[in-house]
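Values below: all heavy atoms of this structure, side chains included; hydrogens, waters and symmetry mates excluded. Protein chains get the first letters and strands the later ones, always in sequence-line order, with residue 1 at the start of each.
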Number of protein chains: 2
Amino acid sequence: MSQMLQIHDQLREMILSLDLGPGERLSERWLESQFEGSRTPIRAALVRLESEELVRRDGRNWIVAPIDVGELEALAEFRIPLETTAVRLACARASEADIGGVEEMLDTCQSGAPREEWHRVGTDFHVEIARLSGNPFIVKAIAGAMTRLSRARWLEVWTEPSREQAWREHRRILGFIKANDPDSAAREATDHITDTRDRLLRSLKEDRRGLRMRGFAVIGLR
Amino acid sequence: MSQMLQIHDQLREMILSLDLGPGERLSERWLESQFEGSRTPIRAALVRLESEELVRRDGRNWIVAPIDVGELEALAEFRIPLETTAVRLACARASEADIGGVEEMLDTCQSGAPREEWHRVGTDFHVEIARLSGNPFIVKAIAGAMTRLSRARWLEVWTEPSREQAWREHRRILGFIKANDPDSAAREATDHITDTRDRLLRSLKEDRRGLRMRGFAVIGLR
DNA sequence: CGGGATTGTTTGGGATACCAATTTGGGATA
DNA sequence: TATCCCAAATTGGTATCCCAAACAATCCCG
C-alpha cells in the first residue's frame, strides 16, 4: 500500500480514537516526524482527511475537526430517512446468509467485551444494514454519518446500561428484517436513531466539562 | 485563492462539461503543462477530485471517472428518501423569501435560454430545495448526487420537450412547498426523480453509440 | 519471419529545496 | 515594568529532483 494511504489510515485512527484531541493543531512538520515520511504523502493524506471532514483548515493551518454537538440533531434527521429506506430495502433484498453475518457480528459483543469492541460494532452495525440494502450510495452516506458520530459515541459506550440499550435496539431492528417486517423495522430504526441522539446529547452535556478539561474543542452545545 | 483550488475548480469544470471525456487518461505531466503549475498542487487537486469521485485511479494512472449508467437506478433510490424529506422540511421551515429566491431561479430559464443555463438551473434547483430543509447533511448528499448525475444530464437538456417537462415538474414541487402541502410535494418529488431517471436511461440508450464515438467511457448500461 | 528478452522512455511516488508569510521572542525604550 | 518593534525561526505553498516500476519499442536469436 502506498505510504500516503498508510499515513491517512493511521492519522484517521488517531483522530477517531481521540488520541488527537478535537481542535488540536496539526503542523505538517510535526506529522513529518511522527510518521517518518516527507510532506508530500502527508499533505495528500491531509487533503483526503479534509474531504472526510476529519481535519479542517484554520487559516493556513490544519486542525483536527472539532466535535460539533449542534450537528447531532441534523445528523439524526439525515439518518432517519436513509436508514428506514435501508431496512426496508434490506427486507426485500437481503439473503438469510447476509442477515446471519450481521447477527454474528452483534454476537461478538458480550458483556465483558472492551469498550473499543462495543464502539466498533455499534458503528459497523449501521453500515452493514445499509449494505444489505444493496445501494452503494446509502452505504456511503451512512458510513460518513457514522464517522461523524464516531467520536461523540465514545461517551455512549462509556456506561454499560447505555451500550446495552443500544445493543438491544440493534437486535430488534435485525429481528424485524429477519422476519421480513419492513414497517416495524423502519419504526424501530427511527426510534433507535432518536434514542441514540438523545443519549448522546445527555452524555455530552454531562461530560462537557471533562472534555474541555482534556483540551477538546467541543462546539455548538446549546 | 490557492493554486491548488484553482486547478481543482478548473479541472472539475472541464470534467463536468465533458471537455475531458469520461474514461480519459490524465497524466500529471500533461496537467502540469495545461495549468502551468507544478505537480504538487496538481496532485493535491487530483486527490481532492478523487474524493468527489470525478477522477479515479486506474492502476497507477489517473483517469476521468467513467459515466456509470448502472448508478442511475441506485442514485434515484438514494435521492427519493432524501428529497422527500427535504421538501417536507422545507414546508415546515422555509420562509416566503427563501421560496421566492428559488422561484426567481426557475424564472431565469426562458425557452430561448442556452442549454448550459437549463443544465445549471436543473441541478441547482434540487440543491436549493435541499437548502430550504435547513439540514446541511441533506444539502451535501443531494449536491453530491447531482454532481454524479451532472454529466448524464447533458443528454436530458439536449431536447427541448425533455427539459421543459423537467422544468414543469420543478415548478409543481415548488408550488406545493409554497402551498405548505408536504404530502403532495413529496409525491411530486418522488415522481420527478423517477421520471428523470427514466428519461435519462432512455436518452442514454439512444445516444450510447454517439457517446462511444466521441470516445466516452460509458459503463454499466444494461 | 516471429517471438521473447532487453533496453530506453515515461510515469507516478516520494524527498528535498526554496520562498513568502506569519508567528514569536527578546531587547531597547519610554 | 510595560510596550513596541524588529529579527529570527517556523510554517505552509510551490517547484524541482530522484527513483523505481510500468510500458514500449527494439533487437537478437531461433
Side-chain angles (χ1 to χ4, degrees), chain A residues 1-16 19-68 215-217 219, chain B residues 1-16 19-68 215-217 219:
Chain A
M1 187 169 56
S2 79
Q3 200 177 344
M4 176 233 127
L5 290 179
Q6 282 182 40
I7 293 173
H8 170 270
D9 291 351
Q10 279 184 48
L11 196 49
R12 188 174 197 279
E13 213 38 57
M14 290 168 75
I15 291 170
L16 290 180
D19 280 347
L20 293 171
E24 188 168 327
R25 172 147 183 218
L26 296 172
S27 109
E28 294 185 359
R29 257 83 178 192
W30 179 78
L31 293 167
E32 201 171 358
S33 67
Q34 279 295 305
F35 297 109
E36 293 173 2
S38 80
R39 288 168 62 208
T40 310
I42 282 170
R43 289 171 59 90
L46 285 170
V47 170
R48 197 165 235 259
L49 287 166
E50 189 187 18
S51 72
E52 301 175 53
E53 296 185 83
L54 290 178
V55 308
R56 153 184 325 180
R57 305 311 295 260
D58 176 34
R60 274 197 341 167
N61 304 319
W62 298 99
I63 61 171
V64 177
I67 297 177
D68 185 345
F216 290 174
I219 64 179
Chain B
M1 187 169 56
S2 80
Q3 201 177 344
M4 175 230 130
L5 290 179
Q6 281 182 41
I7 294 173
H8 169 270
D9 290 352
Q10 279 185 46
L11 196 48
R12 187 174 198 280
E13 214 38 56
M14 292 169 74
I15 292 170
L16 289 180
D19 280 348
L20 293 171
E24 189 168 328
R25 170 144 185 223
L26 297 172
S27 106
E28 294 183 1
R29 256 87 176 189
W30 178 79
L31 293 167
E32 198 171 0
S33 67
Q34 278 296 304
F35 296 109
E36 293 173 0
S38 77
R39 287 168 64 209
T40 311
I42 282 169
R43 286 160 69 173
L46 286 169
V47 170
R48 195 166 238 258
L49 287 165
E50 187 188 19
S51 71
E52 301 175 54
E53 297 186 82
L54 291 177
V55 308
R56 153 183 323 181
R57 308 310 297 258
D58 176 33
R60 273 196 342 166
N61 303 321
W62 297 99
I63 60 171
V64 177
I67 297 178
D68 185 345
F216 292 174
I219 64 180

K.L.:
Given atom CE of A/M4 and atom C1' of C/dG14, what is their separation to the nearest angstrom?
P.N.:
13 Å

K.L.:
Hey, does A/G59 reach any base, or is it just sugar-phosphate, or nothing, if we go heavy atoms under 4.0 Å?
P.N.:
nothing

K.L.:
Which nucleotide, if any, forms a Watson-Crick or G-U wobble pair with D/dC27, using both distances under 3.5 Å?
P.N.:
C/dG4

K.L.:
Taking only N and O in the side chain of B/S38, is any of them less than 4.0 Å away from OP1 or OP2 of D/dT14?
P.N.:
no

K.L.:
Scan A/L26 against the nucleic acid and name what it touches under 4.0 Å (heavy atoms): base, sugar-phosphate only, or nothing.
P.N.:
sugar-phosphate

K.L.:
Give the rounded distance in Å between these two atoms: CZ of A/R29 and P of C/dT22.
P.N.:
16 Å

K.L.:
Closest heavy-atom contact between B/P41 and B/M4?
P.N.:
O-CG, 3.6 Å

K.L.:
Which pair of non-hydrogen atoms, one from A/L46 and one from A/E28, has the smallest distance, and what is that distance?
P.N.:
CD1-CG, 4.2 Å

K.L.:
Taking all atoms of both residues into account, what is the closest heavy-atom pair of A/R12 and A/L54, and its distance?
P.N.:
CG-CD1, 3.8 Å

K.L.:
Write down the partner of C/dT29 under the Watson-Crick or G-U wobble criteria, each distance required to be under 3.5 Å.
P.N.:
D/dA2

K.L.:
Using atom CD1 of A/I42 as one end and atom C1' of D/dT11 as the other, report the distance to the nearest whole Å.
P.N.:
14 Å

K.L.:
I need the CG-C1' distance between A/L46 and D/dG13, as an integer number of Å.
P.N.:
13 Å

K.L.:
Could you check A/R60 against B/R60 and say which one's nearest nucleotide on DNA chain D is further toward the 5' end?
P.N.:
A/R60

K.L.:
Between D/dT11, C/dG14, C/dG13, which nucleotide has the shortest distance from any of its atoms to the side chain of A/N61?
P.N.:
D/dT11

K.L.:
Return the value, rounded to whole Å, for the distance between atom CH2 of B/W62 and atom P of C/dT10.
P.N.:
22 Å

K.L.:
State, to 0.1 Å, how close A/I7 and A/A45 come at their nearest heavy-atom pair, and which atoms those are.
P.N.:
CG2-CB, 3.9 Å

K.L.:
In whole Å, I'd like the distance from the CD1 atom of B/I7 to the P atom of D/dG13.
P.N.:
13 Å

K.L.:
Identify the two heavy atoms, one from B/I219 and one from B/P66, that lie closest to each other, and give their separation to 0.1 Å.
P.N.:
CD1-CB, 4.3 Å

K.L.:
Just how far, in rounded Å, is P of D/dG13 from CZ of A/R39?
P.N.:
8 Å

K.L.:
Just to be sure I understand the rule, does B/T40 reach a base, reach only the sugar-phosphate, or reach nothing, if contact means heavy atoms closer than 4.0 Å?
P.N.:
base

K.L.:
Would you say C/dG13 has OP1 or OP2 under 4.0 Å from some side-chain N or O of A/R43?
P.N.:
no

K.L.:
Taking CD from A/E32 and C1' from D/dT11, how many angstroms apart are they, rounded to a whole number?
P.N.:
11 Å

